[in-house]
2 protein chains.
Amino acid sequence: MRLDDVDVAILTELQEHGRLTNSELAERAGLSASACHRRVKTLETSGVIDRYVAILSEKALGRGITVYVQVTLDNQKRETLVAFETAVEAVPEVMECYLMSGDADYLIRVLVRDANDYEHVHREILSGLPGVARLVSSFTIRRVFSRTTMPVPEELRV
Amino acid sequence: MRLDDVDVAILTELQEHGRLTNSELAERAGLSASACHRRVKTLETSGVIDRYVAILSEKALGRGITVYVQVTLDNQKRETLVAFETAVEAVPEVMECYLMSGDADYLIRVLVRDANDYEHVHREILSGLPGVARLVSSFTIRRVFSRTTMPVPEELRV
DNA sequence: GTTGAAACGCCTTATAC
DNA sequence: GTATAAGGCGTTTCAAC
């Protein structure tokens, strides 16, 4: 699927304002409402737009601290990996989990209230996950920025 | 601001389906439409709901590979940090940037099409950012999961 | 908290160009 | 791509309970 400038404009707007009305969106994209509506539907059914979500405020929910944790397991047996992955997904403080190349097996992003809270999560939850041999925690001091907006790569442009 | 079970139900739904109609949401939350509408407005104005966004498909956009990069700068002078932060935010492939404690100064998450593409980003863009002394790249093999849904902490429950 | 009503805007589909 | 029309649905506000 190729995307032209208008598609990009639509995607850019919706990535920032997911609940724009179609008429507002049409105006911002410089399109008639019907044309805009058709394009959005196409973008949705083609899978370019995956879904719409509400983003909650980490601050307002008292989850100010992000910690990255490198996880090394006892071994790389298939069952060990599956057991860990299943268990870690059930931990609500873990926002993201990647299987990694290199030293550690997994990298996870953990969201907690403060350092105290992390101590609890680390000791009572993470270190008890199946197969975990070692945890290396890296504290973030400050989030410089975070994008939800994904750039449209050149090779998809019209 | 305290949140009761119904608020949590609303937040959970909206974090997964950000464009639910108010009437649909009301039904799922077990509320009348007007009561539901009032609660959502309150959650929005109080800042618990930060914003609504469309999530694009990384796959459909051909951005399959996530790379984490630990960035070490020449020094920690204020100007050095500011210059780097300003420049890195202008790189669209960088989705997130944290100032870190510990060995490296920054941790960034980079989204690219493939390893080739990363090679280009690494050599032509990242290593040219102001103040960069060392880059340590960690490739992800697979995203195990990623949440946009944030749990409501116990201490905020009614 | 609930229901119901009313006004308005938007969506959605369908026209035709 | 544009414009327009029509019906139905959803939102938003209000009043009353």
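Protein chains get the first letters and strands the later ones, always in sequence-line order, with residue 1 at the start of each.
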Just the rounded figure in Å: distance from [atom2] of [N] to [atom1] of [X].
X: B:N22; N: C:dC11; atom1: CG; atom2: C1'; value: 16 Å
X: B:E27; N: D:dG10; atom1: CD; atom2: P; value: 10 Å
X: A:L31; N: D:dA3; atom1: CG; atom2: C1'; value: 13 Å
X: A:E24; N: D:dT11; atom1: CD; atom2: C1'; value: 16 Å
X: B:R19; N: C:dC10; atom1: CZ; atom2: P; value: 12 Å
X: B:H37; N: D:dT12; atom1: NE2; atom2: P; value: 4 Å

Salt bridge or not between A:R113 and B:E155? Use side-chain N to carboxylate O under 4.0 Å.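 Looking at A:R113 and B:E155, the cut-off is met.
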Taking only Lys NZ, Arg NE, NH1 and NH2, and the carboxylate oxygens of Asp or Glu, determine whether A:R39 and A:D4 approach each other closer than 4.0 Å.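 Between A:D4 and A:R39 there is a salt bridge, with a charged N closer than 4.0 Å to a carboxylate O.
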Measure the acute angle between the ring planes of A:F84 and A:Y106, then classify it against the limits of 30° and 60° as parallel, tilted or perpendicular.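 Plane angle between 30° and 60°, so tilted.
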B:K41 or A:G30: which one's nearest nucleotide on DNA chain D is closer to the 5' end?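 Nearer the 5' end of the strand: A:G30.
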If each of A:R39 and B:S34 is mapped to the nucleotide of DNA chain D with the nearest heavy atom, which maps nearer the 5' terminus, i.e. the 5' end?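 Taking each residue's closest nucleotide, the earlier one in sequence belongs to A:R39.
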From the options C:dC11, C:dG4, C:dG1, select the nucleotide whose nearest atom is closest to the side chain of B:R38.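 My answer, after comparing the listed nucleotides, is C:dG1.
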Choosing from D:dG10, C:dT3, D:dT2, which nucleotide comes nearest the side chain of B:S32?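 Among the listed nucleotides, the one closest to the side chain of B:S32 is C:dT3.
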Here's one to test your reading of the geometry: is the NZ or CZ of A:R143 within 45 degrees of the ring axis of B:Y98 and under 6.0 Å from its centre?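 Judged by the rule (NZ or CZ under 6.0 Å from the ring centre, within 45° of its axis), A:R143 is not positioned above B:Y98.
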Would you indicate what B:S23 reaches in the nucleic acid, counting non-hydrogen atoms under 4.0 angstrom: base, sugar-phosphate, or nothing?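 Sugar-phosphate, backbone atoms only, no base.
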